[in-house]
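Accompanying notes for the structure given below.
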Amino acid sequence: MIRLQDTLTGETRPLEPLESGHVRIYSCGPTVYGPTHIGNFRSFLFADLLVRHLRRSGLRVTWVMNITDIDDKIIKGAAAAGTTIEALADRWLAVFLADAAQVRMTRPDVLPRATGHINEMVALISTLLDRGYAYRTDDGSIFFRIASWPAYGRLARLDPDQLRVGERVESDEYAKDNVRDFALWKGPKPGEPSWETAVGAGRPGWHIECSAMSMKHLGPSFDIHTGGVDLIFPHHEDEIAQSEAATGLPFVRTWLHCAHLQMSGAKMAKSTGNIARVGEILDAGVSPRALRYALIAVHYRAANNYSDESVAAAAAAVDRLDALVAALDAYREERADSPDLEAVLTTADDAFGAALDDDLNVSAALAVVFDLLRVINRRIDGRSLSTSDAERVLQTLRSLDQVLGVLPDPSEDLDDEVRRLLEDRAAARARRDWSASDRLRDELAARGIAVEDTRDGQRWRRQLETTRG
RNA sequence: GGCGACGUGGUGAAGUGGUUCAACACGGAGGUCUGCAAAACCUCUAUUCACCGGUUCGAAUCCGGUCGUCGCCUCCA
């Protein structure tokens with residue numbers, strides 16, 4: 001059984017889904033006003049790892065990730081680009097999905113968009129007004145009254161009375177009773193998109209969308225809510241307050257927050273410009289699988305420093321896995337199956353699962369994989385595996401990779417030219433024409449194909465770029 | 001100012017009271033194999049876990065203090 005550390009209580013406890021065998025997870029997704037940086041992806045990939053592990057463990061998972069397609073930045077961005085918020089959001093959503101596919105993020109089961117859930121948000125806001133947790137201001141805005149919710153601040157361990165109200169408090173346009181009250185609904189303003197609704201005209205605040213969409217798709221109470229630590233306050237604090245105030249039910253069973261991805265020793269954030277994007281990293285020649293590895297290989301609650309060196313190390317590790325897969329693919333040996341192999345594989349599989357069960361201890365899980373890698377390489381060198389043994393090992397690796405998602409695609413077709421070069425080289429080797437063989441090896445290398453000569457004959461694999469440039 | 005996380009080798013990082021507890025990965029040195037190369041394998045690369053003090057038969061692991069780093073308190077994954 002998997003154990004996870006809940007931010008709210010600080011406890012690490014077994015995951016017991018509200019519905020037996022079915023885990024409901026909500027992840028705070030991207031605001032689509034620009035390219036999603038890899039810090040964001042770190043947070044999404046940690047959720048991806050969790051979802052993959054739960055599924056491989058035999059649990060059914062419903063994973064919802066919201067798309068914020070209406071907020072101040074989108075409005076500003078659209079105005080600056082002379083386009084509509086829909087067009088801007090569509091454009092960046094497409095980029096997000098493409099980037100997500102590149103780093104092999106599992107596609108969430110539902111990707112709800114905020115603008116598609118205005119009714120649900122309005123319903124929540126109406127309830128909060130009815131119950132006295134919210135109030136209107138003259139400009140048509142509606143705020144949540146923090147003073148009405150005693151538990152406010154529990155998640156972030158902040159005392160509402162102690163919150164430092166800085167100098168830059170409210171350059172805000174909206175008058176409210178208490179500066180710490182947060183907007184559920186923003187009154188209409190010239191030049192801003194506005195919806196005519198039962199609570200008046202205007203547009204939704206940010207926090208309400210996650211309450212509305214998570215509860216719409218997962219129910220008023222669900223198992224896991226994930227996000228980056230920077231969302232703990234105020235975003236998730238506000239979500240809890242408004243959701244529980246509206247339903248009277250516990251909102252989320254387990255809160256999971258991942259630490260920041262850092263770069264050059266500081267948090268990666270759009271506001272400081274300290275960001276790197278998937279597109280530019282891949283354009284620089286980094287393998288998407290290496291990028292994924294670099295983003296998931298550090299435990300989610302520990303800071304992960306991204307650098308050229310860290311991706312290069314990740315690429316080297318992935319390359320080592322690739323070499324094993326290529327070796328197993330090519331391996332042929334007519335001999336009896338190893339009697340003890342099954343136990344070796346089962347032990348590794350169990351240890352891998354147990355490591356991830358322990359609050360997603362990915363480092364320990366990777367250690368299991370590399371321990372297995374060495375054991376198998378020894379047997380390959382020693383020719384002590386049968387052909388079907390090699391296939392069994394590959395099956396196990398593929399199974400573990402259902403969680404990691406870093407192994408090469410099994411169905412990688414070679415183009416005809418490369419295929420011909422490989423055949424020519426094999427023929428040259430057969431007649432011991434080393435100069436032709438070496439020349440063909442260079443030609444293949446120039447096309448990104450590494451060839452190696454082994455007792456199983458010539459074998460190839462795609463070269464990973466380990467560093468940029 | 002308030003709150004919190006963290007500080008393990010050249011780098012990343014697991015380990016949170018004791019029999020392989022200093023994993024695993026990257027990097028480095030040497031070696032084996034190989035037509036060459038690559039890959040792989042083998043050996044070596046932290047008597048030590050920021051520092052000081054304490055608890056204990058015993059601590060990287062618990063307690064106290066010091067220093068340092070990062071983060072939250074404001075949009076932010």
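Order of the sequence lines sets the chain letters (A, B, ...), proteins ahead of strands, with each chain counted from 1. Please read these numbers as outputs of a predicted model, since none were measured by experiment. For the numbers below, each heavy atom of this structure counts, side chains included, while hydrogens, waters and symmetry mates do not.
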Which word best sums up how the rings of Phe222(A) and Tyr26(A) line up, parallel for under 30°, tilted for 30 to 60°, or perpendicular for over 60°?
tilted

Sticking with atom C1', work out how far A14(B) lies from A23(B), rounded to a whole angstrom.
6 Å

For Lys267(A) and G71(B), what is the distance between atoms NZ and P respectively, to the nearest whole Å?
8 Å

Would you classify His257(A) as touching base, sugar-phosphate or nothing, given that sugar-phosphate means primed atoms plus P, OP1 and OP2, and contacts are heavy atoms under 4.0 Å?
nothing

Across the strands shown, which category fits Ala266(A) at heavy-atom distances under 4.0 angstrom: base, sugar-phosphate, nothing?
sugar-phosphate

Can you tell me, in whole Å, how much space there is between the P of A46(B) and that of C72(B)?
37 Å

Given the structure, check if the side chain of Arg441(A) and the base of C36(B) hold any donor-acceptor pair shorter than 3.5 Å.
yes

Stepwise side chain to side chain contact (heavy atoms under 4.5 Å, CB included) check, Val23(A) with Leu50(A):
CA-CA 11 Å; Val23(A) 186; Leu50(A) 172 67; over 6 Å; no

Would you indicate which nucleotide in G15(B), A77(B), G4(B) comes nearest to any side-chain atom of Cys258(A)?
A77(B)

Among the candidates A25(B), C42(B), G35(B), find the nucleotide nearest to the side-chain atoms of Arg429(A).
G35(B)

Could you check Ile70(A) against Ile74(A) for side chain to side chain contact (heavy atoms under 4.5 Å, CB included), going step by step and ending with a plain yes or no?
CA-CA 6 Å; Ile70(A) 167 73; Ile74(A) 293 177; 5.6 Å; no

Using a cut-off of 4.0 Å on non-hydrogen atoms, how would the nucleic acid contact of Ile380(A) be classed: base, sugar-phosphate, or nothing?
nothing

OP1 or OP2 of C73(B) versus the side-chain N and O atoms of Arg180(A): is any pair under 4.0 Å?
no

Mind checking Glu309(A) for me? I need base, sugar-phosphate or nothing, with any heavy atom below 4.0 Å counting as a touch.
nothing

Assign Asp371(A) to base, sugar-phosphate, or nothing according to its heavy-atom contacts below 4.0 angstrom with the strands shown.
sugar-phosphate

Spacing of Arg455(A) atom CZ relative to C41(B) atom P, expressed in whole Å
17 Å

Crowding at CZ, Arg335(A) (>12 non-hydrogen neighbours, <6.0 Å)
yes

With a 4.0 Å cut-off, would you call Arg462(A) and Asp322(A) a salt bridge?
no

Would you classify Ala450(A) as touching base, sugar-phosphate or nothing, given that sugar-phosphate means primed atoms plus P, OP1 and OP2, and contacts are heavy atoms under 4.0 Å?
nothing

Touch class at under 4.0 angstrom, heavy-atom based, for Arg432(A) against every strand present:
nothing

For RNA chain B, produce a single dot-bracket line, 5' to 3'. Pairs: Watson-Crick or G-U wobble, both distances under 3.5 Å. Symbols: ( ) within strand, [ ] crossing, | other strand, . unpaired.
((((((((.[[[..)..(.....]]]((((((.......))))))....[[[[[..)....]]]]])))))))....

Among A77(B), A39(B), A13(B), which nucleotide has an atom closest to any side-chain atom of Ser363(A)?
A13(B)

In whole angstroms, the gap separating P of A37(B) from CG of Asp438(A) amounts to 10 Å

Between U55(B) and G9(B), how far apart are the two C1' atoms, rounded to whole Å?
29 Å

side-chain N/O Asn361(A) vs G15(B) OP1/OP2, d < 4.0 Å:
yes

Within this structure, what is the CG-to-C1' distance between Leu158(A) and G1(B), rounded to whole angstrom?
13 Å

Specify whether Tyr293(A) and Phe370(A) have parallel, tilted or perpendicular ring planes, treating 30° as the upper limit for parallel and 60° as the lower limit for perpendicular.
perpendicular

Heavy atoms only, 4.0 Å cut-off, all strands: where does Gly227(A) land among base, sugar-phosphate and nothing?
sugar-phosphate

P spacing across the pair U66(B) / G1(B), given as an integer number of angstrom
14 Å

His117(A) ring center within less than 6.0 Å of His217(A) ring center
yes

Quick one: do Arg13(A) and Asp6(A) make a salt bridge, cutoff under 4.0 Å?
yes

Among C73(B), C75(B), G35(B), which nucleotide sits nearest the side chain of Arg425(A)?
G35(B)

Return the orientation label for the Phe44(A) and Phe96(A) ring planes: parallel under 30°, perpendicular over 60°, tilted otherwise.
perpendicular

Asp453(A) near the nucleic acid: base, sugar-phosphate alone, or nothing, with a heavy-atom cut-off under 4.0 Å?
base

From CG of Leu404(A) across to P of A25(B) the rounded distance in Å is 14 Å

Is Arg320(A) near enough to C41(B) that one of its side-chain N or O atoms lies under 4.0 angstrom from OP1 or OP2?
yes

Categorize Gly382(A) for me: base, sugar-phosphate, or nothing, with a 4.0 angstrom heavy-atom threshold over every strand shown.
nothing

Would you mind classifying the nucleic acid contact of Thr454(A) as base, sugar-phosphate or nothing, using non-hydrogen atoms under 4.0 angstrom?
nothing

Students often get this wrong, so: under 4.0 angstrom with heavy atoms, is Asp381(A) touching a base, only sugar-phosphate, or nothing?
base

Quickly work out the Asn304(A) CG to A77(B) C1' distance and round it to whole Å.
13 Å

Hey, is the side chain of Asn305(A) pairing donor to acceptor with the base of G12(B) inside 3.5 Å?
no

Can a side chain N or O of Asn40(A) be found less than 4.0 Å away from OP1 or OP2 on A77(B)?
yes

